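This report concerns only the one structure given below.
Note that ligands are numbered from 1 as they come in the structure, with each ligand's atoms numbered from 1 the same way. Position 1 is the first residue of the sequence, and the numbers go up from there. These figures come from a predicted structure and were not determined experimentally.
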Amino acid sequence: TFDVTFSTAGHDVPPTLYGLMFEDINQSGDGGLYAELIQNRAFQTVTPGTSAALTAWAALGSAKISVVKSSSPVSSALPNALSFAVASGTTSTVGFTNSGYFGIPVTAGWTYTGSFYYRTPSPPATKVSGSFTADLRSTGGTVFTSATVPFTTSSTWQQATFTFTASSTQTSVENLFALSVGGSTVSGLTIEFTLISLFPPTFNGRENGFRMDLSETLLDMKPAFFRFPGGNNLEGETAADRWAWENTVGDLVDRPGRVGDWGYINTDGLGLYEYLQWIEDMGMEPIMAVYAGYSLNGASVASSGMQTYITEAINQINFVIGDASTNAQAAIRASMGHADPFTLNYIEIGNEDFFSPTTYADYRWADLYNALHAEFPQLHYIATSATSGNVPTLSPTPTYWDLHIYSNPNFFINGAFNFDILSRNGLQFFQGEYATTTENSGAALTYPFIDGSIAEAAYMAGFDRNSDIVFAASYAPLLNHVSSTQWTPDLITFSPNTVIRSTSYYVQQLYSLYKGDFYLQSTTNTASSPVQWSITRDTSAGQYFLKVINTATSANTVVFTLPFTPSHTTGTGTILTAPSGTQNTPTSPNAAVPSTFSFTAGKTITYNAPGLSLSVLVVTE
Ligand SMILES: [NH3+][C@H]1C[C@H](O)[C@@H](O)[C@@H]1CO
């Protein structure tokens, strides 16, 4: 039995304590949160004439399709186009299809919004008018919904738009978007297409917005912050490939896209504005990274070359918080629909610069910090060259540090007091990435498992307890598409029409929902204990959140002695527990889900915590 008495002494819990780390990894942006359903919609960064250039596209009927460098591109950002050639004398239906990001969801009641640019490089002497049919169909050819899209041949680019509404819900995502036309209408013609787009309804109805079910899944965690755009995906293989904010704003037709750092093309349709608008809609605040001159090929920008990136970072921040009436970058933000500045308090300078500590310490940190702090003294700047609380020497001395740790359950159980032992010297820590990535045996994990998730919960009791120096923490990576994954495990696994909440998702959710605003000191404990606890309070609600983590496989009893006698003698608790090895997977998505229970609340509360469990007992004064 563990006897826990707690006092009314303690410290505030920062409102930023639990949030989300994001980068476009595992198709978590394109094909995930970003709601665009068409993969390879604008043939960005592909090599014309190659089969890879046609990824996700296929011809319908006898038409010939290929990706060409248009002789008159729709924009300088999008030089490529789909060339659709119909032989003379064709009479049968012709067209082309797109298979989406490994499938396309068909959901009853959804009105889909589509558009495409098209032109006829060599229009016939007499204009030809006709109409395309845009539809959603099964790979077997069953059409679920369609729209007629009139067109007239023209050598200049036109943009067509359409909508259609699905009347059925298909459990299979083996569906295609198709554009087709009667062969006789277009026989002998070659028509170019690009930026062929299809959106489902989006979160908060935002144009060019985010996928609803994934947004709702994240909203259910009430996350306080969103770290973006990376992570490795900020850095580029080279400086030229980095995530550069300016290429991600403005009209979609002006966004070139880039080769992301996880093996697939980033359309950058999910760009800086879309991130910020969604973060605001979700009630979060950004922790925004700026490129700091180090890329994944191991090269650092020379000191003499830093000004370009300093200017870029200043402009990136001005896009977010500048005055639209006086600043050019802020004026772009206003023109996109957000005249007022977005909320911004934290800037991360680089990512994992412990891989390039010398250049970071010699000049990259100072160059960026000094310039940004001078321009925006109100912002907090986070350094990234530490992996633990024993931080390296940097000048100027950083206050904020982003720490990353990926390990096994034993690390998180034995490390539960890693922050207790740090001196309070003014440093503030962001545990920006952490996860149990292997079993204690070293075996890799494809999905989180209950043993690792409860170990993470033990470590997180340390975040609550030390939230006087831990201001933010986020599990990583956040999301993975079942059909395109480069890193496991991940917090949330998704397909085009399903979302699986892992056991670690529920741990993150419970800590975030029951964060409270004040931590109450209690009986000290040790890392070797199988039971960890944390007591926080929601002061305005007069509620106390007694978290109990039992990392043993057998039950353990905790007896709490409160510093008061609650007037409400019945309390409600929530528990996540499961047999060792349990995982939520696509075949067993709900193997372990939280459940609620009632308990008797008094000056003392005896709680029998099952093996491998995280429980939150809510006591009302
Ligand atoms: N390598 C990990 C650390 C880096 O910051 C992330 O991009 C990766 C997982 O999210």
Side-chain angles (χ1 to χ4, degrees), residues 18-33 214 218 223 225-239 241-244 258-266 270 275 286-300 346-357 360 364-365 382-388 391 400-408 411-412 429-438 444-448 452 456 472-481 484-494 502 504-505 508:
Y18 294 113
L20 307 175
M21 182 275 173
F22 181 82
E23 65 174 318
D24 204 336
I25 183 174
N26 305 321
Q27 306 275 184
S28 55
D30 285 320
L33 270 176
L214 288 175
L218 296 174
F225 67 81
F226 193 77
R227 174 181 172 227
F228 81 100
N232 286 349
N233 205 41
L234 165 75
E235 302 175 74
E237 184 59 22
T238 65
D241 304 317
R242 73 191 179 285
W243 183 90
R258 64 181 274 258
V259 178
D261 295 300
W262 292 103
Y264 55 89
I265 292 160
N266 294 177
L270 166 53
Y275 276 121
I287 295 182
M288 182 173 76
V290 295
Y291 177 73
Y294 172 76
S295 292
L296 297 171
N297 66 355
S300 291
Y346 293 96
I347 296 291
E348 181 148 351
I349 296 188
N351 173 62
E352 297 200 326
D353 286 278
F354 45 78
F355 286 120
S356 56
Y360 198 70
R364 293 190 298 107
W365 161 258
I382 303 169
T384 74
S385 55
T387 54
S388 76
V391 300
Y400 301 88
W401 291 85
D402 175 11
L403 310 178
H404 296 175
I405 182 65
Y406 295 97
S407 189
N408 59 32
F411 169 84
F412 290 102
F429 294 100
F430 170 26
Q431 188 65 53
E433 297 179 26
Y434 65 101
T436 303
T437 47
T438 70
L445 290 167
T446 304
Y447 300 96
E456 289 152 11
S474 44
Y475 180 103
L478 185 60
L479 295 155
N480 77 294
H481 193 305
S484 176
T485 295
Q486 298 84 41
W487 177 296
T488 64
D490 304 281
L491 199 65
I492 299 161
T493 296
F494 63 89
S502 71
S504 288
Y505 168 90
Q508 293 293 317

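At a heavy-atom distance under 4.0 Å, no atom of Asn233 approaches ligand 1. Under 4.0 angstrom from ligand 1, there are no non-hydrogen atoms of Phe22.
Ligand 1 has no nitrogen or oxygen under 3.5 angstrom from a nitrogen or oxygen of Trp487. Considering backbone and side-chain atoms alike, Arg227 places every N or O at 3.5 Å or more from each N or O of ligand 1. When only interatomic distances are considered, the shortest N/O to N/O separation between Asn232 and ligand 1 falls below 3.5 Å.
Of the N and O atoms on the side chains of Thr485 and Asn26, not one donor lies less than 3.5 Å from an acceptor on the other residue. Trp243 and Glu23 are not linked by any side-chain donor-acceptor pair at a separation below 3.5 angstrom, with hydrogens and angles left out of the test.
Among all protein heavy atoms, the one lying closest to atom 10 (O) of ligand 1 is Glu23 OE2, 3.0 Å. Closest protein heavy atom to atom 9 (C) of ligand 1: Tyr406 OH, 3.5 Å.
Checked against a 6.0 Å centroid threshold, the rings of Tyr434 and His404 do not count as neighbours.
Heavy-atom proximity to Glu352, at under 4.0 Å, picks out these atoms of ligand 1: 3 (C), 4 (C), 5 (O). Atoms of ligand 1 found under 4.0 Å from any heavy atom of Gly231, numbered from 1 in the order shown, are 5 (O), 7 (O).
Note on ligand 1: Pro477 sits in its first shell, one or more heavy atoms being nearer than 4.0 Å.
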